[in-house]
Amino acid sequence: MAKTNPKLRNWLLLARTSLRVAFAVTALTAAIVVAQDDLLRGSPDPQIAAALRQISSQRIQSNIEKLVSFQNRSTLSAQDPASIASGHGIGAAREWIKSEFERYSHDCGGCLEVKLDSFTEAPGGRIPKPTEIANVYAVMKGTDPESARRIVLVTGHYDSRNSDNLNITDLAPGANDDGSGTAVSLECARVLSQLKFPATVIFLTVAGEEQGLNGSHHFAQMAKADGWDIEAALNNDIVGGDRSPQQDTRVVRVFSEGVPVAATDAELRQIRSLGGESDSTSRQLARYIAEVGRTYDAGVKPMLVFRLDRYLRGGDHSSFNEQGYAAVRFTEFREDYNHQHQNVRTENGIEFGDLPKFVDFDYVANVARLNADTLASLASAPAPPAKVRLLTAKLENDSTLTWEPSPGGRAASYEVLWRATSSPEWEHVRAVGNITRTTLPMSKDNVIFAVRAVDNQGHRSLAVTPLPER
């Protein structure tokens with residue numbers, strides 16, 4: 001029998017050893033990737049998951065049909081006592097929304113403080129005469145005195161229009177635009193008011209959107225003037241899932257601004273120099289929604305669109321952006337413009353008008369679940385870490401991040417996230433424990449970092465990208 005060449009035998013032994021090492025490294029890498037994926041996905045909070053199951057498409061349908069029953073909810077429409085009593089016009093819609101919030105508050109033992117933000121808009125633009133505008137909202141105060149200063153809110157606009165913005169007599173059903181968004185805010189209030197959160201949640205409905213975002217402008221300016229710490233504003237506008245063959249009910253678009261409209265000249269220079277055009281607080285909120293969408297099965301997935309809004313259109317989230325707040329817009333995947341801003345009619349076999357029969361109420365319920373799980377996750381989480389910094393005093397291939405503890409003392413640990421500069425979402429995460437400084441063996445030149453706070457139950461804050469510090 002021929003003997004094996006000693007050199008060949010040694011080569012085979014080395015090859016087998018190398019393969020065993022390679023398999024071990026691959027298994028370890030896979031385990032790390034799985035662990036990172038788990039951290040990026042998060043673990044569902046049983047209380048939040050149970051609340052999502054309480055969201056009802058039947059209630060949403062009922063609310064949208066009730067809004068449509070007011071016939072014309074133009075901001076310029078009737079608000080006199082007789083019209084309110086007869087159930088016609090925006091005044092009647094306002095009073096009904098207020099009564100719904102009050103009913104939810106009664107059911108939760110007075111947990112909601114129901115308010116009106118009323119003001120008179122002077123003539124100008126689409127406002128031909130002095131017009132009273134009223135935003136209706138309900139405040140669920142946080143249970144933790146320190147965390148209660150933090151606010152997350154959901155909004156939709158309850159005014160409507162038809163082909164002529166000044167037409168206050170013909171039908172303007174507004175089932176999708178924006179009865180759907182108003183119904184999301186109402187249903188989130190009904191369900192989440194049965195829970196308790198450390199932070200404050202506001203359920204808002206605004207008017208004047210079709211006249212030029214008047215209601216949301218006033219509300220956001222009021223919040224800024226009063227020093228409100230609004231951490232996230234979720235605007236739902238046209239989330240009815242219009243029943244067209246091209247509609248994709250599996251997703252909802254989430255629009256977010258890149259370079260903040262409220263940025264100062266100095267901040268703009270810094271954004272350009274660091275390549276931070278896609279790391280505004282609104283983008284971090286959008287990424288948070290995407291992560292929550294992986295944690296909970298809402299029935300619809302967020303499709304992140306990295307621009308402020310659609311072409312030729314605008315929405316109430318921009319009012320919050322202008323005041324420096326993180327805000328995003330939810331909108332169905334495909335809009336049917338025959339069912340928006342149109343008189344109700346049929347021409348050449350084509351139906352025009354924003355009617356309930358074109359709304360997919362199950363889809364609206366799923367969008368409400370995505371909103372609700374985002375609100376509940378943020379309101380349960382600790383505050384984001386403060387003063388997050390990336391040390392840049394010297395040239396090195398390691399990266400050192402520092403931060404101050406999350407305000408409020410509810411953070412139990414912290415996580416560092418990073419992604420390639422060309423990637424839209426966070427790709428990697430590392431749990432670093434209850435510390436305020438960490439060094440990672442990777443170049444700050446190649447990735448974008450962020451830090452977030454985590455409490456004992458695994459609730460995670462918004463991620464905060466660092467500023468450079470020498």
Side-chain angles (χ1 to χ4, degrees), residues 28-49 142-150 152 195-200 229 231-232 279 281 283-296 326 373-391 398-419 425-442 444 447-467 469:
L28 178 61
T29 301
I32 292 172
V33 169
V34 169
Q36 287 180 342
D37 285 347
D38 287 344
L39 287 173
L40 284 171
R41 186 180 299 110
S43 299
D45 180 325
Q47 177 181 243
I48 296 174
T143 57
D144 180 84
E146 184 68 26
S147 297
R149 300 175 186 176
R150 298 169 45 231
V152 295
L195 307 180
K196 302 293 183 184
F197 301 104
T200 295
D229 180 13
E231 195 171 285
D279 281 284
T281 55
R283 284 285 156 83
Q284 305 310 345
L285 174 56
R287 292 183 177 106
Y288 191 95
I289 294 167
E291 185 173 321
V292 168
R294 291 187 289 268
T295 302
Y296 298 93
D373 61 32
T374 302
L375 293 168
S377 297
L378 284 170
S380 300
K387 295 184 179 179
V388 181
R389 298 291 184 265
L390 178 63
L391 301 189
D398 290 344
S399 298
T400 297
L401 296 109
T402 67
W403 57 92
E404 292 185 359
S406 164
R410 296 188 58 254
S413 62
Y414 298 90
E415 293 174 349
V416 175
L417 303 98
W418 67 95
R419 68 180 199 275
E425 292 188 49
W426 300 114
E427 299 173 304
H428 309 284
V429 59
R430 177 174 296 179
V432 296
N434 192 10
I435 59 176
T436 58
R437 180 187 179 103
T438 190
T439 299
L440 286 80
M442 65 186 74
K444 63 184 73 65
V447 299
I448 293 175
F449 289 109
V451 182
R452 65 186 179 190
V454 187
D455 71 6
N456 283 318
Q457 287 74 47
H459 301 117
R460 292 173 169 86
S461 75
L462 287 171
V464 181
T465 52
L467 294 176
E469 185 172 277

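Quick note: numbers below take in every heavy atom, side chains included, and nothing from hydrogens, waters or symmetry partners. Small disclaimer: the values here were computed from a predicted structure and weren't measured. The residues of the chain are indexed from 1 along the displayed sequence.
For the side chain to side chain contact (heavy atoms under 4.5 Å, CB included) with S380, the qualifying choice from I48, L375, D455, L195 is I48, the only one to do so.
Between Q284 and W426, some side-chain heavy-atom pair lies under the 4.5 Å cut-off. Between Y414 and P405 the shortest side-chain heavy-atom distance falls below 4.5 Å. Side-chain contact between F197 and V152: absent, with no pair of heavy atoms (C-beta onward) separated by less than 4.5 Å. With contacts defined as side-chain heavy-atom distances shorter than 4.5 Å, the pair V451/V464 does not qualify. Between S399 and W418 the shortest side-chain heavy-atom distance does not fall below 4.5 Å. The side-chain heavy atoms of K387 and T436, taken from C-beta on, include no pair separated by under 4.5 Å. With contacts defined as side-chain heavy-atom distances shorter than 4.5 Å, the pair V447/E427 does not qualify. The closest side-chain heavy-atom distance from T374 to Y296 is not below 4.5 Å.
Take R150 and apply the side chain to side chain donor-acceptor pair (under 3.5 Å) test, not counting sequence neighbours, and it matches E231. Looking at residues two or more places apart in sequence or on another chain, you find a side chain to side chain contact (heavy atoms under 4.5 Å, CB included) between T281 and A326. Scanning for side chain to side chain donor-acceptor pair (under 3.5 Å) contacts around T143 gives an empty result, with sequence neighbours left out.
Separation of atoms CZ (R460) and OG (S377) is listed at 10.5 Å; rounding is to 0.5 Å. To the nearest 0.5 Å, the span separating CD on E291 from CG on L462 amounts to 10.0 Å. Here I289 contributes atom CD1 and D373 contributes atom CG; the two are 9.0 Å apart, rounded to the nearest 0.5 Å. L391 CG to K444 NZ: the interatomic distance, rounded to the nearest 0.5 Å, is 8.0 Å. To the nearest 0.5 Å, atom CZ of residue R452 and atom CG of residue L417 are 4.5 Å apart.
Taking both residues in full, the closest heavy atoms of R410 and S147 are given as CD-OG, 3.2 Å, listed atom of the first, atom of the second, then distance. In plain terms, the two heavy atoms of S461 and P385 that are nearest each other are OG-CD, 3.9 Å. Scanning both residues, P384 and P407, for their nearest heavy atoms gives O-CD, 3.4 Å. Residues A148 and G142 share a closest heavy-atom pair of CB-O, 3.7 Å. Heavy atoms only, all atoms of each residue included: Q47 and K196 are closest at NE2-O, 4.4 Å. For the pair P466 and F449, the tightest heavy-atom approach, listed with the atom from each and the gap, is CD-O, 3.1 Å.
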Evaluate the side chain to side chain contact (heavy atoms under 4.5 Å, CB included) criterion for residues V432 and L440: first the C-alpha distance (whole Å), next the side-chain angles of each, then the deciding distance (0.1 Å), finally the verdict.
CA-CA 10 Å; V432 296; L440 286 80; 5.6 Å; no
As a quick check of understanding, evaluate side chain to side chain contact (heavy atoms under 4.5 Å, CB included) for L378 and L285, giving each step before the final call.
CA-CA 10 Å; L378 284 170; L285 174 56; 4.1 Å; yes
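Using a cutoff of 4.0 Å between basic side-chain nitrogens and carboxylate oxygens, D229 and R149 are not scored as salt-bridged. Between R287 and E425 no salt bridge is recorded (no basic side-chain N to carboxylate O distance below 4.0 Å).
Without hydrogens or angle criteria, T465 side chain to A450 main chain gives no donor-acceptor distance under 3.5 Å.
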